[in-house]
Number of protein chains: 2
Amino acid sequence: MMVEERVAQMVARLKDGEHRITPQRLAIFKILASSAGHPSAETIYGALLKEYPTMSLATVYKTLAFLKQEGEVLELQFSDLGNRYDGNKPYPHPHIICTGCGEIVDPCLFDLNDITQKMMAETGFTIVAHRLDFYGLCPECQQKNLNDLAG
Amino acid sequence: MMVEERVAQMVARLKDGEHRITPQRLAIFKILASSAGHPSAETIYGALLKEYPTMSLATVYKTLAFLKQEGEVLELQFSDLGNRYDGNKPYPHPHIICTGCGEIVDPCLFDLNDITQKMMAETGFTIVAHRLDFYGLCPECQQKNLNDLAG
DNA sequence: TCCTAATGGATAATTATTTTCCATAAGGAA
DNA sequence: TTCCTTATGGAAAATAATTATCCATTAGGA
């Protein structure tokens, strides 16, 4: 989906819910829609400061909480890296996290529907979401490690 | 594995590494080995206070960080629930988390080896660990919801 | 028993996130 | 377009989890 398309989608959905579209919110939507990675609140805040010098971190957090509640953003919780946000695919999907540089990548999708069904049958839970993260070193960090060993 | 067996295992491994076995550490090992659930640092601290009135939360955190580094405990990070610890199966395995009561259950195991192999081939990452969490309502919370609606 | 580095505990510090409170502004209504 | 109401933004304080500091204590080998 194109960036403008995704932004328009967020705006439309929020208007339906009788929520206001403010310049600050729109700016945050744009950042989320145009981020390939998974920015933190702090990263989003930093990217907005030039255009919105009065922007407050609290506003970023409020907007993220709001988008999360509306199902328009996926929150990935990390107590060490800080939480990260995905506004492009706000539904469960796998991630690969580099333990070297902290990069978070979306691999091609595959779904866990079959496994989820089995889990529900086995445990009696009603499962509505999941999270699947793989941890390792990205190609760049692997190379860097080799160089460090050689040098 | 029996509780004593697991505790003995932790003690043996730490002694190998030239680490000291103190009464406080031993007590934390026992709690971890005998917890079916996934206690938080605070929960472990609370359980120890009766026997060790001078126990400090810092000691619990230090010991958990130490066990994590030694690969004897699995840390599950949650920025909202607080981190939880699993000293019985300190290796990646799936969890089911109840969004109602916060309970964390281990379903029967299945492995993601095949999927992990595919991920590595696709992305070029060297994957060394993963995390798979399912979110939903446990049977008790489902029943409670029904009762709330009826009442 | 002695010795010494590792450890425990009280406390302060950090860091991410949330709340408060009030002035401001969005956007529907007139 | 102007007005009005109420949601929102922003500064700052408050929370809460976790980590670091500092020093007295103690585990456990010599």
Side-chain angles (χ1 to χ4, degrees), chain A residues 10-31 38-70 72-85 102, chain B residues 10-31 38-70 72-85 102:
Chain A
M10 291 200 246
V11 169
R13 288 181 182 168
L14 296 191
K15 279 194 170 174
D16 276 354
E18 301 193 331
H19 298 291
R20 290 185 184 168
I21 309 301
T22 63
Q24 293 89 339
R25 288 187 170 183
L26 198 56
I28 293 173
F29 297 173
K30 285 180 185 168
I31 299 265
H38 299 75
S40 65
E42 192 77 39
T43 301
I44 295 169
Y45 172 65
L48 290 172
L49 269 187
K50 309 140 199 168
E51 197 179 352
Y52 294 87
T54 69
M55 175 68 66
S56 156
L57 247 183
T59 299
V60 177
Y61 275 110
K62 282 175 183 170
T63 303
L64 288 172
F66 168 63
L67 288 173
K68 184 171 87 168
Q69 165 199 314
E70 297 296 315
E72 294 297 325
V73 80
L74 180 71
E75 181 183 68
L76 295 179
Q77 298 189 347
F78 297 98
S79 66
D80 51 2
L81 295 174
N83 294 355
R84 303 295 196 84
Y85 298 87
Chain B
M10 289 201 248
V11 170
R13 288 180 182 169
L14 296 192
K15 279 196 171 175
D16 275 354
E18 300 194 331
H19 298 292
R20 292 185 183 171
I21 308 301
T22 63
Q24 292 91 337
R25 288 186 169 184
L26 197 57
I28 293 173
F29 296 174
K30 285 180 186 168
I31 299 266
H38 300 72
S40 65
E42 193 77 41
T43 302
I44 295 169
Y45 173 66
L48 289 172
L49 269 186
K50 308 143 201 165
E51 197 179 352
Y52 294 85
T54 70
M55 175 68 66
S56 157
L57 247 184
T59 299
V60 176
Y61 276 109
K62 281 176 184 170
T63 303
L64 288 172
F66 169 63
L67 288 172
K68 184 171 89 169
Q69 166 199 312
E70 297 296 314
E72 293 298 324
V73 80
L74 180 71
E75 181 183 68
L76 295 179
Q77 298 188 348
F78 298 99
S79 67
D80 52 0
L81 296 174
N83 294 355
R84 303 296 196 83
Y85 297 88

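Because only heavy atoms are used, hydrogens play no part in the values below, and waters and symmetry mates are left out as well, while side chains stay in. Chain naming here is simple, since letters A, B, ... match the order of the sequence lines and numbering starts at 1 in each.
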Worked check of side chain to side chain contact (heavy atoms under 4.5 Å, CB included) between A:Q24 and A:T63: CA-CA 9 Å; A:Q24 293 89 339; A:T63 303; over 6 Å; no
Value in whole Å for how far the P atom of D:dT18 lies from CZ of B:F78: 12 Å
Determine whether a donor-acceptor pair (one donor, one acceptor, N or O, separation below 3.5 Å) exists between the side chain of A:R25 and the base of D:dT8. no
Side chain to side chain contact (heavy atoms under 4.5 Å, CB included) assessment of B:R13 paired with B:E72: CA-CA 9 Å; B:R13 288 180 182 169; B:E72 293 298 324; 2.7 Å; yes
Near DNA chain C, counting only heavy atoms under 4.0 Å, which residues of residues 55-65 of chain A show up? A:A58, A:Y61, A:K62
Is A:T22 close enough to D:dG9 that one of its side-chain N or O atoms is under 4.0 Å from OP1 or OP2 there? yes
Heavy-atom pair of closest approach, residues B:L49 and B:M55: CD2-O, 4.1 Å
Between A:N83 and A:F78 (side chain of the first, backbone of the second, donor and acceptor by atom type, cut-off under 3.5 Å), is there such a pair? yes
Between P on C:dG8 and OH on B:Y45, what's the gap in Å once rounded to a whole number? 15 Å
Expressed as a whole number of angstroms, how long is the span from A:D80:CG to D:dA20:P? 12 Å
Which of D:dG9, D:dT18, D:dT26 is nearest the side chain of B:N83? It is D:dT18
Nearest heavy-atom contact between A:T59 and A:I28 is O-CD1, 4.3 Å
Determine the minimum heavy-atom distance between A:P23 and A:Y52, stating which atoms define it. O-OH, 3.6 Å
Taking the nucleotide of DNA chain D with the closest heavy atom to each, which residue, B:Y85 or B:R20, is nearer the 5' end? B:Y85
By nearest atom, which of the nucleotides C:dT7, D:dT18, D:dT5 is closest to the B:H19 side chain? C:dT7
Looking only at heavy atoms, the pair that brings A:A41 and A:L57 closest together is O-CD2, 4.1 Å
Tell me: CG of B:L26 to P of C:dT7, nearest whole Å? 14 Å
Given DNA chain C, 5'-ward residue of the pair B:Y52 and B:S79, judged by closest heavy atom: B:Y52
Scanning both residues in full, the closest heavy-atom pair of A:V73 with A:L64 reads CG1-O, 3.8 Å
So if I take every side-chain heavy atom of B:Q24 and compare against D:dG9, C:dG8, C:dG27, which nucleotide ends up nearest? C:dG8
In whole Å, I'd like the distance from the CD1 atom of B:I28 to the P atom of C:dG8. 7 Å
To the nearest Å, give me how far apart CG (A:L76) and P (C:dT17) are. 12 Å
Interatomic distance, A:I21 CD1 vs C:dA25 P [rounded to whole Å]: 18 Å
Using five base pairs at each end, measure the axis-to-axis angle across the helix from C:dT1-D:dA30 to C:dA30-D:dT1 and round it to 10 degrees. 30°
Rounded interatomic separation in angstrom, taking CD from A:Q69 and C1' from D:dA7: 13 Å
Residue pair A:Y45 / A:S56: nearest heavy atoms and the distance that separates them: CE1-C, 3.8 Å
